[in-house]
Amino acid sequence: MRLFAAVLPPPERLDELGHVVDRLHHLPGADGLRWTSRPGWHLTLAFMGEVDDGLLPELRLRLARAAHRTPRFPLRLHGGGHFGRRALWTGVAGDLDELRLLAERADAAARRAGVPMEEHRRYQAHLTIARARGDAVDPHPFLDGLAGFEGTRWEVGELILVRSNLPVSGVRGEQPRYEKVDGWPLEGAG
């Protein structure tokens, strides 16, 4: 299974972002982007890639421990940014230290469960809203459209394990499908 650990913003917060993204779809150059689908919007904490089914029991146990040790914390979606000309995203504000700690705990849980993880990089919280089809799209008009976005605060209360089902039909525009495999409440027990 292709897996990752994530935080899922509540539907109301995603709707707020959706109103802004809908306006971005009408900007010049928007057809040069592959817009991610709203049901797939999430904050990735630790991408694990293909995980052997035999590792799942240990992975679940270790992610449950990570959630048990982490307190609930506030976040909000806001602003925007880009990774080169490849990806356009909205950012996150709030208790970023706690979010980074949860990301580090999820990464460590996967490693300790035997999942071969990529080289560890500093966590940068973001929610990807579009990816470029090529290098021809200037991200600046889209960044201007996201600049004033300030979502409403919510409290993160769950660590989620998500399965990513990649497109297989070959149909242009087909999106990956994400399904919740498991989830654990944040309990802040130390």
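One-based numbering along the sequence shown. All values below were derived from every heavy atom in this structure, side-chain atoms included, with hydrogens, water molecules and symmetry-related copies excluded.
Side-chain atoms of T36 and R131 form no donor-acceptor pair, as typed in the model, at a separation below 3.5 Å. In this model, a donor atom of one side chain and an acceptor atom of the other lie less than 3.5 Å apart for E16 and T152.
Contact annotation: the side chain of L88 approaches that of L143 to within less than 4.5 Å [non-hydrogen atoms, C-beta and beyond]. Side-chain contact between N165 and E179: present, with at least one pair of heavy atoms (C-beta onward) separated by less than 4.5 Å. L3 has its side chain out of reach of V162: every pair of non-hydrogen atoms, C-beta onward, lies at least 4.5 Å apart.
Aromatic pair W89/H82: ring centres not closer than 6.0 Å.
Atom CZ of R112 sits in a sparse spot, with 12 or fewer heavy atoms from other residues, nucleotides or ligands closer than 6.0 Å.
Taken to the nearest 0.5 Å, the CG atom of L96 stands 9.0 Å off from the CZ atom of F73. L17 contributes atom CG, which lies 7.5 Å from atom CZ of R38 (distance to the nearest 0.5 angstrom).
Of the candidates V7, L8, D95, V7 is the only one forming a side-chain contact (heavy atoms from CB on, under 4.5 Å) with V156.
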### Query
Stepwise, does the salt bridge (charged side-chain N to carboxylate O under 4.0 Å, His left out) test hold for R62 with E58?
CA-CA 6 Å; R62 292 185 178 277; E58 184 70 14; 2.7 Å; yes
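In this structure, F4 and Y178 have perpendicular ring planes: the angle between them is above 60°, well past the 30° mark.
Under a 4.0 Å N-O distance rule, the pair E187/R65 does not qualify as a salt bridge.
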